[in-house]
Structure formats: C-alpha cells, structure tokens
Amino acid sequence: MQNRAAFALFDFLMSVVVMSVIGIVGSKMLLNVQKQNHIHNHLAQKALSFQNTLDMMRNYLLEAQKESIVYKDYSLSWKDKINNEKIHNISLRQDILYLDGFLALVGVKEFRVFEDESGFEIVLCDYGSFCAKGLVRLWDI
C-alpha cells in the first residue's frame, strides 16, 4: 500500500515537473513571437512614415517651377507655380526633417537629392539600415 502511495506521489511530482517545463518553454516561445511581432510592427510603421513623407514631398514638388528647384546643404527649395512669390523649403536640421518650417519627420539621418535628366531622386535614411527613395519626374512638374 505504501509503494502505491509513493508511486502516486512520484507520478504526481513528475507530472508537475513536465507540465512546468512545457509551460516555461511555451511562454518563452510566445515571448519570442511577441518580440518579433513588435520589431516587424516598428519597421512597418517607420517605412510608412518615411514613404508618407516622400509622397508629401513629391506632391509639393508637383506644384514647383522646374527652374526654381535648388538643393544644397540638406535643404531643398523651390518657387510655387501658382503664387510666384511663395517659396517652399524642405530642410534637415539635426535629425528632424522640416517642410516650410513645420515638422515633417523625426529620426532622419540623411536627406539627399540626386538630379538627372528625367527628374529628381529623393533619399531619406534613418540611423539604422533603412532608406526610402522617391522619384519625381520633371515631366510631371
């Protein structure tokens, strides 16, 4: 009778140990999945922010006079087609990108504009390895 009680107690303790190990392994797996999900959401949010800023810049440049577009020292400026007196400006100061003096995007390490015969390529990079590129064609302007 005592052997039976001892075996039942041993069986119960082994079950508790096995269930604890399964619980610990399962929670570590769920924590890892949640961590990966958080990283992917952060990258997706950053990509959308950078892409929205590029789209906003492209839309503003569609109203620019071609010959008035000037890029120098992390700043892009141009005159408006409709109101010749109005000058728009996109500039990078520290790690913040400003559009006409208003905050457009935070966390920008690099803002470059490359000009070729077909238009402008705008590049925005963060402090990690993420860069977003947008193309503005001159015949659209």
Side-chain angles (χ1 to χ4, degrees), residues 2-141:
Q2 239 180 352
N3 277 347
R4 225 174 192 189
F7 181 71
L9 180 61
F10 178 73
D11 190 35
F12 173 73
L13 289 176
M14 288 305 288
S15 299
V16 168
V17 168
V18 168
M19 293 301 284
S20 298
V21 168
I22 290 173
I24 290 170
V25 169
S27 27
K28 283 187 176 183
M29 286 173 43
L30 286 175
L31 184 63
N32 192 26
V33 167
Q34 187 65 21
K35 186 177 172 184
Q36 291 296 323
N37 187 31
H38 178 71
I39 290 169
H40 287 296
N41 283 341
H42 179 70
L43 290 175
Q45 187 177 22
K46 183 181 287 193
L48 287 173
S49 300
F50 274 63
Q51 194 58 49
N52 284 342
T53 303
L54 283 172
D55 290 342
M56 179 179 58
M57 292 165 64
R58 188 180 302 121
N59 286 338
Y60 267 93
L61 280 166
L62 290 176
E63 299 173 3
Q65 297 175 9
K66 288 181 197 179
E67 58 280 347
S68 71
I69 299 172
V70 177
Y71 173 73
K72 66 176 186 176
D73 300 329
Y74 299 106
S75 180
L76 179 68
S77 59
W78 67 92
K79 286 186 178 180
D80 198 62
K81 272 184 191 176
I82 298 167
N83 184 357
N84 199 18
E85 301 295 318
K86 188 168 187 173
I87 297 174
H88 294 285
N89 184 16
I90 299 172
S91 60
L92 178 65
R93 286 180 254 141
Q94 296 171 348
D95 67 342
I96 301 172
L97 191 70
Y98 293 95
L99 174 64
D100 290 339
F102 295 103
L103 181 115
L105 188 62
V106 176
V108 180
K109 177 184 176 187
E110 200 167 343
F111 167 54
R112 292 175 292 168
V113 177
F114 300 102
E115 185 178 3
D116 61 10
E117 65 276 350
S118 64
F120 296 93
E121 181 181 37
I122 302 170
V123 179
L124 297 174
C125 296
D126 72 349
Y127 283 96
S129 59
F130 181 77
C131 286
K133 297 179 182 180
L135 187 63
V136 180
R137 306 247 185 236
L138 284 176
W139 53 82
D140 292 338
I141 296 176

Please report the shortest heavy-atom distance between Ala104 and Thr53, naming the atom on each side. O-OG1, 3.8 Å
If I compare all heavy atoms of His88 with all of Asp100, which pair ends up nearest, and what's the gap? ND1-OD2, 2.7 Å
Looking at Gln34, I want to see if its CD is surrounded by more than 12 non-hydrogen atoms of other residues, nucleotides or ligands under 6.0 Å. no
Should Met56 and Asn52 count as side-chain neighbours, where that means a heavy-atom distance under 4.5 Å? no
Return the CG to CG distance between Leu105 and Leu103, rounded to the nearest 0.5 Å. 7.5 Å
Counting C-beta onward and ignoring hydrogens, is there a side-chain heavy-atom pair between Met57 and Phe120 closer than 4.5 Å? no
Which value, rounded to the nearest 0.5 Å, describes the distance between Leu76 atom CG and Leu92 atom CG? 12.0 Å
Within the 4.5 Å heavy-atom criterion, are Leu31 and Ser27 side-chain neighbours or not? no
Check Leu54 against Gly134 and note the closest heavy-atom contact, atom names and distance. CD1-N, 3.7 Å
Val33 side chain near Met29 side chain, heavy-atom distance below 4.5 Å: no
Would you give the length of the straight line joining atom CG of Asn89 to atom CH2 of Trp78, rounded to the nearest 0.5 angstrom? 7.5 Å
Gln45 atom CD: more than 12 heavy-atom contacts under 6.0 Å: no
Go through Ile69 and Glu115 one step at a time and tell me if the side chain to side chain contact (heavy atoms under 4.5 Å, CB included) criterion holds. CA-CA 10 Å; Ile69 299 172; Glu115 185 178 3; over 6 Å; no
Can you tell me how far NE2 of His40 sits from NZ of Lys35, rounded to the nearest 0.5 angstrom? 12.0 Å
Angle between ring planes, Phe10 versus Phe7, binned at 30° and 60°: parallel, tilted or perpendicular? tilted
Are Tyr60 and Ile90 close enough that some pair of their side-chain heavy atoms sits under 4.5 Å apart? no
Should Lys28 and Asn32 be marked as a side chain to side chain contact (heavy atoms under 4.5 Å, CB included) after you check the CA-CA gap, both sets of side-chain angles, and the distance that decides it? CA-CA 6 Å; Lys28 283 187 176 183; Asn32 192 26; over 6 Å; no
Between side-chain atoms of residues 123-132 and protein atoms elsewhere (two or more places apart, or another chain), which donor-acceptor pairs fall under 3.5 Å?
| unit_1 | atom_1 | unit_2 | atom_2 | d |
| --- | --- | --- | --- | --- |
| Asp126 | OD1 | Gly128 | N | 3.0 |
| Asp126 | OD1 | Phe130 | N | 3.1 |
| Asp126 | OD2 | Lys46 | NZ | 2.6 |

Which distance, rounded to the nearest 0.5 Å, do you find between the CD of Gln36 and the CG of Asn41? 11.5 Å
For Tyr74, does the OH atom have more than 12 heavy-atom neighbours from other residues, nucleotides or ligands under 6.0 Å away? no
Would you check if the side chain of Asp95 reaches a backbone N or O of Val108 as a donor-acceptor pair within less than 3.5 Å? no
Interatomic distance, Ile87 atom CD1 to Ser68 atom OG [nearest 0.5 angstrom]: 8.0 Å
